[in-house]
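Taking it in order: structure first as structure tokens, then the write-up.
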Amino acid sequence: MTVRFQLLGPLSITDGTDTVVLQPSKPTNLLAALLLRSGTIVSAGYLQRMVWGDEQPVTARASLQTCVLRLRRLFARHAVLGTPIEAVPGGYRISADARSLDLVDFRERARTAAATGAGPEAELAVLRGALGLWQGSLLANVRSELMHRDEVPRLLEERLRVVERVCDLYLALGHCGQALVELWGITRAHPGHGRFREQLIEALYRTGRQTEALAEYRRFKGFLLESLGVDPSPGLQKLELAILRGDDLGPEARPVIAALPAAPEPEPEAAPVSEGPPPVPWFTGREAEVAALAQRLGGAADVSAGPVTELVCGAPGIGKTALAQQVAHLLRDRFPGGRLLLRMTDADGVPRPPAETAAEAAALLPAFGREGSPRALLVLDDVTDAEQARPLLPATGGDAVVVTSRLGLAGLVATHGGRVQRLDAFTPRESADLLGAVLGAERVAAGAGETAALAAACGHHPLALVIAAARLLTRPALGLADGVRWIAADPLSRLALNDDPRMSVPRVLRGALDRLDPALADAFLAVGGLPSARFGPADAARLLGLPEAEADRLMERLVDAGLLEDGPPGPYRVHGLLRLYARPAGHGRFRPRQKV
């Protein structure tokens, strides 16, 4: 079996079964530098700069040889036989091919995707496979400022070119919904990339969202004027005019993107296979949760093992959907029948009727629940009660279901089995990794103390961290310390993105409370305003004017709703952002306390 190096994520070595993520060290820096220039002679001087930076120790040359020896021992330990480190005049060389290095594999797929002549659908499949090789934060375990400054941006640019082509293909083939999935995240991560904005605006318009398309154009126009003092490109201006006129932007009449050959009509009996969900941008952390969920979902390779049900629950914005979607992407090869993430609530948080979601699942994931069909994976996202999910759970076969919900859904587990994964806030290390993934390792490494302060101001809450990082990403000149002070002064109002209402901590928390009985929401607002984040049933009973047993039952209902943590026998706990929201200034309304 060929041992493979993985550069497109944390630097690691895998044999296809086990993966070893290398620890940050000088030899790890050296290996990354060699692999980035695989097949060429890499000078000792360049390697020394990548390992130690511009200020090198006087012993750098001798220490470089020591690092090479340590790498060779590592290779021997992991049976790396086909890609040795060669000492050559002037430096070193390591030669890897597409089987032994994911970067070479990615470049070969990207280069040959359109050369097959099999049409846009085939090209799209090859490019999606190429993007699937990217696994998490690029070289997150390589602590080389020069490498992240000089080499990583070039790699990221290669990926962006492929993403751009994939979105072109989606639009040309009429898969506008899939294009939107890619484009929402990529345009926010790269706000100045005009081509992605063109694609997003077109996709919005072609899915019947003319108002949103025009709003997106105007946001981008304002961004360009404020940041660069320039107008949108002629192509974008033509696109705006086409939308205002109501022109047809179908695959055969698109004014901005050159048309591609039309996709062939499918055979009448061919069933569509869902290729989603895609990987989650900036996904970091949750290593233990990812490993456990992936093992349980992917462990059974055939239908004889029976259906698998997993529940991921936790507070609003804690990352339930991201975890489920990322694991579904990682396990794409284990579910040849397809994978589908099915939203169980509409845009306003209203539960969708079971008949509607069942019909959508049957249309988009036809292999799911069918006797003799290949294994399929269904993610039921944001389930509001057990009855909403039960009709979609398979009784037999090897299919798998992941249910994400703010509720514990103990009744569902009791009747259908399965495991429960409850998510909490990030650890400080996970928070720092996420901020580094979005803002760049160099910017974060330059202010480790400020990074920790920013993570603390966000309460190590995943949604809050992403929002804060996105705000800072669009302000590259703003120092981390200034950003921390600005966010900490008014966390709730500043942990929201004006151009995307879904990315708002107050909106998410308000939606969570709106789903509760009003009296139960009042109880949360009351205990959330207690002087301490930790309290016991007796404290809640005194505050609410209820017997302790009744107050304890209320607190358990709030735990089940994801708004409290811990609880019996220990004290209950309220997350810092939820405590801020519980104050009258945070939730913007006051309800008289009621007996529940």
Side-chain angles (χ1 to χ4, degrees), residues 136-137 140 185 188-189 191 280-287 289 314-323 326 406 422-441 443-476 478-513 528 533-534 562-566 573-583 585-587:
S137 181
R188 272 46 182 176
V280 179
W282 315 122
F283 188 88
T284 58
R286 306 289 192 208
E287 289 92 349
E289 292 87 348
I318 207 69
K320 304 178 291 293
T321 303
L323 173 64
Q326 185 71 7
R406 296 168 188 172
R422 190 176 185 93
L423 301 185
D424 204 342
F426 271 171
T427 65
R429 182 187 65 80
E430 288 176 320
S431 296
D433 287 346
L434 177 57
L435 292 172
V438 180
L439 295 173
R443 190 174 180 188
V444 167
E450 290 82 0
T451 300
L454 177 60
C458 296
H460 302 285
H461 187 275
L463 176 63
L465 288 164
V466 170
I467 292 171
R471 279 189 170 275
L472 291 173
L473 191 67
T474 61
R475 296 169 173 84
L478 183 66
L480 282 180
D482 294 329
V484 171
R485 285 191 291 270
W486 181 71
I487 289 173
D490 189 3
L492 284 181
S493 68
R494 289 166 184 173
L495 289 175
L497 301 181
N498 296 328
D499 60 351
D500 189 344
R502 300 169 301 175
M503 299 296 287
S504 165
V505 170
R507 183 177 185 270
V508 167
L509 299 183
R510 182 169 62 252
L513 283 186
R534 291 182 176 273
L563 296 174
L564 295 183
E565 292 293 339
D566 296 334
R573 174 169 55 89
V574 190
H575 189 277
L577 292 178
L578 287 166
R579 293 187 71 213
L580 284 176
Y581 187 79
R583 299 171 185 170
H587 57 77

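Values reported hereafter were calculated over all heavy atoms of this structure, with side chains retained and with hydrogens, waters and symmetry mates removed.
A distance of 11.5 Å separates NE2 in H460 from CD1 in I318, rounded to the nearest 0.5 Å. Residue L454 holds its CG atom at 12.0 Å from CZ of R471, rounded to the nearest 0.5 Å. L495 contributes atom CG, which lies 10.5 Å from atom CE of M503 (distance to the nearest 0.5 angstrom). Atoms OG1 and CD, on T284 and E430 in that order, are 7.5 Å from each other to the nearest 0.5 Å. How far CG of L435 is from CG of L480: 8.0 Å, rounded to the nearest 0.5 Å.
Remark: side-chain polar atoms of S137 are not paired, donor with acceptor, to backbone N or O of A140 under 3.5 angstrom. For K320 (side chain) and R422 (main-chain N/O), no donor-acceptor pair under 3.5 Å exists by modelled atom type. A donor-acceptor contact shorter than 3.5 Å is absent between the side chain of R286 and the backbone of L323. For the pair R406 (side chain) and G317 (backbone), a donor-acceptor distance under 3.5 Å is absent.
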Can you give me every donor-acceptor pair (side chain of residues 461-470, partner residue at least two apart or in another chain, under 3.5 Å) with its distance?
from: H461; atom 1: ND1; to: L463; atom 2: N; distance (Å): 3.4
from: H461; atom 1: ND1; to: A464; atom 2: N; distance (Å): 3.4
from: H461; atom 1: NE2; to: P316; atom 2: O; distance (Å): 2.9

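Shortest non-hydrogen contact noted between V574 and L563 is CG1-O, 4.5 Å. Scanning all heavy atoms of the two residues, the minimum distance from L577 to A457 falls at CD2-O, 4.4 Å. Of all heavy-atom pairs spanning S431 and F426, the tightest one is OG-CB, 3.4 Å.
Residue pairs meeting the side-chain hydrogen bond (donor to acceptor under 3.5 Å, both in side chains) criterion with at least one member in residues 483-492, sequence neighbours excluded: D482-R485, D490-S493.
When side chains are defined from C-beta on, V438 does not count as touching L472, because their heavy atoms never get closer than 4.5 Å. Contact annotation: the side chain of L578 never approaches that of E565 to less than 4.5 Å [non-hydrogen atoms, C-beta and beyond].
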